[in-house]
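A short write-up of the structure that comes next.
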Amino acid sequence: MPISAANRHDPRLVRVDDSWLRLPNPYDVPVEICAGPDVPVEPVAVDELLTVLETADTLRTLARAVPGLDPEPRVERVVCTPDFHKGAGIPIGTVLRTVGALIPQAVGNDVNCGMRVEATSLTVDQLRPHLDRLERRLRHLFFAGGRRIGLTARQREGLLREGLPGLLADGVPADPVGAWRQVGPDDLADLDGRLHATGFPVDSAEDFRDWIASGGGTSYDSIIGSVGGGNHFAELQYVAEVRDGATAYAWGLAPGQVVLMVHSGSLSLGHQANATGRDLARAGWPRAVPLPRNRILPIPLDERTAPARRRYLTAFGNAANFALGNRFFLALMLRAGLAEVAGELRSRLVYDAPHNLLWPEPDGTVLHRKGATPAAGPGGDGQRPTDLYGEPVIVPGSMGAPSYLLRGLGSSRALASACHGAGRSIPRGAASRGGDAELDAFLREFRVVTPVDHRDPAVAARRDIVDAWRRDLKQEAPWAYKEVGPVVRSLGRAGVAEPVVELRPLLTVKG
DNA sequence: ATGTTC
């Protein structure tokens, strides 16, 4: 193989085989990166991985300083996905299994950032003639006053405490307005949780009283129905290629079928929950232990920290539930646009997958995912349709690029986790490449609907707004991301997940 | 990643 930027790896990494790299370390923590020889690994991200190892050392210090911790805190295993790249603190694409402690900062700031995919009853041939009009309608629905998601305090509290079952406990409002009009029998039928996570039961929502109250009665707020920034989007796609016919059929996907894909998180609620976790970890930090240099503070799983953990996990669960609800409403908004231009349609959930979550287990282990997606294999309790074929793994491409739907294979080496995208080739915040004309041509070609309509002369006159918007959007341009193909092939070769369908974009709404 | 609406 020729030496190129794409196959040079950081010298600190040891290639184990075609699928895995290992980071040797003095803490005896298994650290492995799932990446083929054609997937470049950012040295800066490897630097950050060393701070994860400092956290392994922090847990040892805690175990010595706080007597009687049972089980003794330690980092059991670290796995990085093929799209692993630099983030704030712990790299994005890091899966961490700990024993005897949880680490709020090992979850991305945006709690339960994730994907929702729905299969519609429309075909790409039916939709193509209406794309110009759809683009205009979606701009109105997402960015120009068309959102109109009214929620009662009861619905808000239900959502934060139970997720979608709580939101929809009383069914659809008697006189539905806006996105609510798109709720159909399939949405209510899926609420038994057999297909996917519909909610995380938590016993209160005290940290979010302001959002719940929001003026009383049926009220509107500035958060629900927002796409969010960065790499978040709401997209219409179609099934371009079927790679695994049996699984595609079981998941209700056929060639040419129009699919909705939403990538979004918990917006400000997740940030608030994470800040709560960080503050509680700091407030409860044992005086005998110096603050770790990397500022990543674990919370040991003992009696002393029980009230703090309960408070954090409640806020965390509230935020995670909000994200499920927001993705649901974003999908309803896409459905509303489709219904306006192509007539009434059916749309059914394929899967909702989280990227940023932690899972405390009764045995004292905690699985943390930051920018990685679950990829459980076939099996489970056999009660869910997905148990037959493995968990749906949604890998979005960068703007304009194909996305993939894979089936998880439950690799224990990979901590049953897959990548959540192609991964950046240019870190966020680095100088963005490409001229304005190049960006504009790209946005037109791929029908990218954005909040700033720079073709409107009144908007174009606001240079400061347009410049800031272009700067941010260039960070999400395809040239800021790796190619998704080699990343997806790495997952297959490693036995993490296998492709089921390839999806190509028709129209993208960027927040 | 970071509240764009009645």
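In the text below, chain A, chain B and the rest are named by the order of the sequence lines, each starting its count at 1.
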Using atom CH2 of A:W211 as one end and atom P of B:dG3 as the other, report the distance to the nearest whole Å. 15 Å
Nearest-Å distance, CE (A:M333) to P (B:dC6)? 12 Å
Please give, in whole Å, the distance from B:dC6 C1' to A:W180 CH2? 16 Å
Touch check for A:G265, heavy atoms < 4.0 angstrom, all strands: base, sugar-phosphate only, or nothing? nothing
Distance, rounded to the nearest Å, where A:F142 contributes CZ and B:dT5 contributes P: 14 Å
Using only heavy-atom distances, determine whether the side chains of A:D110 and A:N356 contain a donor-acceptor pair under 3.5 Å. no
Evaluate the side-chain proximity of A:C80 to A:L49: yes if any heavy-atom separation is below 4.5 Å, no if none is. yes
Heavy atoms only, 4.0 Å cut-off, all strands: where does A:I224 land among base, sugar-phosphate and nothing? base
Whole Å only: how far is the CZ atom of A:R147 from the P atom of B:dT4? 6 Å
Whole angstrom value for the distance that separates C1' of B:dC6 from CD1 of A:I149: 12 Å
Could you check whether the rings of A:H263 and A:H232 sit parallel, tilted or perpendicular, using 30° and 60° as the cut-offs? perpendicular
With sugar-phosphate meaning primed atoms plus P, OP1 and OP2, does A:G108 contact a base, only sugar-phosphate, or nothing at under 4.0 Å between heavy atoms? nothing
Which sits closer to the 5' end of DNA chain B, A:I92 or A:K510, going by the nucleotide each is nearest to? A:I92
Would you say A:S226 reaches B:dT4's phosphate, i.e. side-chain N/O to OP1/OP2 under 4.0 Å? yes
Report the nucleotide, chosen from B:dC6, B:dT2, B:dT4, that has the shortest atom-to-atom distance to any side-chain atom of A:Y220. B:dC6
Across the strands shown, which category fits A:G146 at heavy-atom distances under 4.0 angstrom: base, sugar-phosphate, nothing? nothing
When you look at A:D207 and A:T314, which way does the side chain to side chain donor-acceptor pair (under 3.5 Å) test go after all the steps? CA-CA 9 Å; A:D207 279 19; A:T314 298; over 6 Å; no
